[in-house]
**Q** 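This structure is in structure tokens; I'll ask about it shortly.
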Protein chains: 2
Amino acid sequence: MLNNQPQPLNSIFQALADPTRRGMIARLSRGPASVSELAEPFDMSLPAVVQHLQVLETSGLVRTQKVGRVRTCHIETKALMSAQDWIQSQRASWEARFDRLDAYLQELQAKEKKRGRRK
Amino acid sequence: MLNNQPQPLNSIFQALADPTRRGMIARLSRGPASVSELAEPFDMSLPAVVQHLQVLETSGLVRTQKVGRVRTCHIETKALMSAQDWIQSQRASWEARFDRLDAYLQELQAKEKKRGRRK
DNA sequence: TTGATTGTTAAGCATAGACTTAAGTATCAT
DNA sequence: ATGATACTTAAGTCTATGCTTAACAATCAA
């Protein structure tokens with residue numbers, strides 16, 4: 001329940017806010033790829049793609065390793081999971097609240113019935 | 001499996017990238033709040049808080065309504081769910097891949113055993 | 001060794017983001 | 001009617017983001 005490491009979440013959500021970067025993540029979810037493979041679907045310069053890649057790497061969403069002249073990229077699932085976990089924990093909060101509200105309304109209804117019978 | 005509405009995702013993830021806004025979401029997950037209640041934990045001017053609130057509202061993560069002079073804010077769970085859904089669908093991709101890889105490795109191992117026996 | 005691949009670095013530009021302060025505008029209570 | 005409350009609007013500043021082009025490495029293949 002504590003406020004976990006917020007700083008990674010900043011850069012993770014920031015990274016996910018761009019459609020190009022989400023596209024790269026989607027591609028890498030299906031398997032590793034080189035920089036030029038990653039760049040291929042996008043209508044922008046290679047340096048621009050590499051800059052997006054750096055954002056993904058800095059946020060921890062992607063890891064890369066260079067062999068020869070080709071840099072191979074793959075997703076780091078843990079980072080995506082931590083984003084999902086944060087959302088999930090919010091969901092837990094509001095669902096708990098809805099449950100309490102529901103219980104309260106049921107209680108009200110029960111009282112109303114009693115009063116009805118009493119009349 | 002199609003690329004759903006990407007534009008809302010841009011602004012949803014963008015909104016979540018800021019710790020102040022995540023704090024507001026966390027607060028609102030526990031129940032509705034007025035603007036000044038929302039502002040209270042943060043060490044910044046009210047206009048700054050309202051600007052964050054506008055980002056949340058534009059992204060669809062929060063809805064507000066004004067009664068008298070107080071604006072009451074509450075979360076719109078659907079928007080958060082759509083962010084979670086996107087992440088979940090990436091996860092489905094990489095898990096499918098891991099499953100295929102696993103099956104392949106088992107197959108390799110089976111062949112290796114056969115060869116061993118043959119010798 | 002030359003030429004083609006595959007990236008990398010640097011610089012610049014234009015727009016968007018996260019604040020601030022100062023000065024309003026409604027509402028509500030007395 | 002007056003003052004306090006609860007925002008709102010406007011304007012400005014300073015930094016970060018998302019690109020671009022132009023040049024520069026470092027492989028690899030012939």
Side-chain angles (χ1 to χ4, degrees), chain A residues 6-28 31-75 79 83, chain B residues 6-28 31-75 79 83:
Chain A
Q7 206 222 314
L9 282 182
N10 289 0
S11 61
I12 288 170
F13 282 124
Q14 180 68 45
L16 295 178
D18 185 278
T20 300
R21 291 191 293 255
R22 283 200 308 281
M24 292 176 174
I25 291 283
R27 167 63 187 82
L28 294 176
S34 71
V35 172
S36 19
E37 280 168 350
L38 265 189
E40 193 270 328
F42 302 108
D43 186 23
M44 65 178 68
S45 67
L46 227 215
V49 168
V50 172
Q51 281 164 34
H52 281 301
L53 188 56
Q54 278 166 356
V55 171
L56 290 169
E57 219 176 337
T58 304
S59 73
L61 282 162
V62 164
R63 288 222 265 168
T64 75
Q65 58 198 64
K66 195 162 182 178
V67 175
R69 59 185 165 176
V70 31
R71 175 172 301 278
T72 303
C73 316
H74 50 92
I75 28 163
Chain B
Q7 207 223 312
L9 282 183
N10 289 0
S11 61
I12 289 170
F13 282 124
Q14 181 67 47
L16 295 178
D18 185 278
T20 301
R21 289 191 295 255
R22 283 200 308 281
M24 292 178 172
I25 291 284
R27 167 64 188 80
L28 294 176
S34 70
V35 171
S36 19
E37 281 169 350
L38 266 189
E40 194 271 327
F42 302 108
D43 185 23
M44 66 179 68
S45 67
L46 227 215
V49 168
V50 172
Q51 279 163 36
H52 281 300
L53 187 56
Q54 278 166 356
V55 171
L56 289 169
E57 218 175 339
T58 304
S59 72
L61 282 162
V62 165
R63 287 222 264 171
T64 75
Q65 59 197 64
K66 195 162 185 178
V67 174
R69 60 186 164 173
V70 29
R71 175 171 301 279
T72 303
C73 316
H74 50 92
I75 27 161

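Sequence lines set the chain letters: A, B, ... in the order given, protein chains first and strands last, and positions in each chain run from 1.
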**Q** Is a side-chain N or O of R27(A) found less than 3.5 angstrom from the main chain of L38(A), in a donor-acceptor match?
**A**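 No.
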**Q** Counting only side-chain nitrogens and oxygens, does R69(B) get under 4.0 Å of the OP1 or OP2 atom of dA4(D)?
**A**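 Looking at the OP1 and OP2 atoms of dA4(D), neither is under 4.0 Å from any side-chain N or O of R69(B).
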**Q** Grab the CG-P distance between D43(B) and dA18(C) for me, whole Å please.
**A**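 From D43(B) CG to dA18(C) P: 17 Å.
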**Q** Can you find a side chain N or O atom of K66(A) that sits less than 4.0 Å from OP1 or OP2 on dA26(D)?
**A**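 Checking dA26(D) against K66(A), no side-chain N or O comes under 4.0 Å of OP1 or OP2.
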**Q** Within the distance-only criterion (no hydrogens, no angle test), does the side chain of R21(A) pair as donor or acceptor with the backbone N or O of L16(A) below 3.5 angstrom?
**A**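 It does not hold such a pair.
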**Q** Choose from dC7(D), dC19(C), dT8(C) the nucleotide whose nearest atom is closest to any side-chain atom of T20(B).
**A**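 Side chain of T20(B) sits closest to dC19(C).
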**Q** Side chain of Q14(B) only, please: which of dG17(C), dT8(C), dC19(C) is the nearest?
**A**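 When the side chain of Q14(B) is considered, dG17(C) is the closest of dG17(C), dT8(C), dC19(C).
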**Q** Can you figure out which of dC19(D), dT8(D), dC19(C) approaches the side chain of Q51(B) most closely?
**A**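 Of dC19(D), dT8(D), dC19(C), dC19(C) is nearest to the side chain of Q51(B).
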**Q** To the nearest Å, how far apart are E40(B) CD and dC7(D) C1'?
**A**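 Atom CD in E40(B) sits about 17 Å away from atom C1' in dC7(D).
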**Q** When the distance from CE of M24(A) to C1' of dG18(D) is rounded to whole Å, what number comes out?
**A**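 Rounded to whole Å, this separation is 12 Å.
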**Q** Can you measure L53(A) atom CG to dT6(C) atom P for me and round it to whole angstrom units?
**A**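 From L53(A) CG to dT6(C) P: 16 Å.
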**Q** Can you check the N10(A) CG to dT17(D) C1' distance for me, whole Å?
**A**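 After rounding, the reported distance stands at 15 Å.
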**Q** Would you tell me if any nitrogen or oxygen in the side chain of S34(B) comes within less than 4.0 Å of OP1 or OP2 on dC7(D)?
**A**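 Answer is yes, contact under 4.0 Å.
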**Q** Might you point out which heavy atoms bring S59(B) and A79(B) nearest each other, and give the distance in Å?
**A**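 Looks like O-CB, 4.4 Å.
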**Q** With side-chain contact (heavy atoms from CB on, under 4.5 Å) as the test, would you mind laying out the steps for H52(B) and F42(B) before giving the verdict?
**A** CA-CA 11 Å; H52(B) 281 300; F42(B) 302 108; over 6 Å; no
**Q** Quick check for you: among dT9(D), dT21(D), dC19(C), whose closest atom lies nearest to any side-chain atom of D18(B)?
**A**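 The nucleotide sitting nearest to the side chain is dC19(C).
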**Q** The side chain of S45(B) is closest to which nucleotide in this list: dC19(D), dT20(C), dA10(C)?
**A**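 Closest nucleotide to the S45(B) side chain: dT20(C).
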**Q** Taking the side chain of M44(B) as its heavy atoms from C-beta onward, which of dT8(C), dT20(C), dA6(D) lies nearest to it?
**A**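 For M44(B), the side-chain atoms sit closest to dT20(C).
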**Q** CD of E37(A) versus C1' of dG7(C): gap in Å, rounded?
**A**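 Distance check: E37(A) CD to dG7(C) C1' gives 14 Å.
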**Q** Step by step, would you call L28(A) with L61(A) a side-chain contact (heavy atoms from CB on, under 4.5 Å)?
**A** CA-CA 10 Å; L28(A) 294 176; L61(A) 282 162; over 6 Å; no
**Q** Select from L46(A) and R21(B) the residue whose nearest nucleotide in DNA chain C is closer to the 5' end of that strand.
**A**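 With L46(A) and R21(B) compared, the 5'-side residue is L46(A).
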**Q** How long is the line joining CZ of R71(A) and C1' of dC28(D), in whole Å?
**A**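 These atoms are roughly 18 Å apart.
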**Q** Round to the nearest Å and state the distance from Q54(B) atom CD to dA16(C) atom P.
**A**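 So the CD-P distance, Q54(B) to dA16(C), works out to 16 Å.
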**Q** Looking at H52(B), I'd like to know whether one of its side-chain N or O atoms comes within less than 4.0 Å of OP1 or OP2 on dG17(C).
**A**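 For H52(B), the contact criterion (side-chain N or O under 4.0 Å from OP1 or OP2 of dG17(C)) is not met.
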**Q** Between dC19(D), dG7(C), dT20(C), which one does the side chain of S36(A) approach most closely?
**A**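 Closest nucleotide to the S36(A) side chain: dG7(C).
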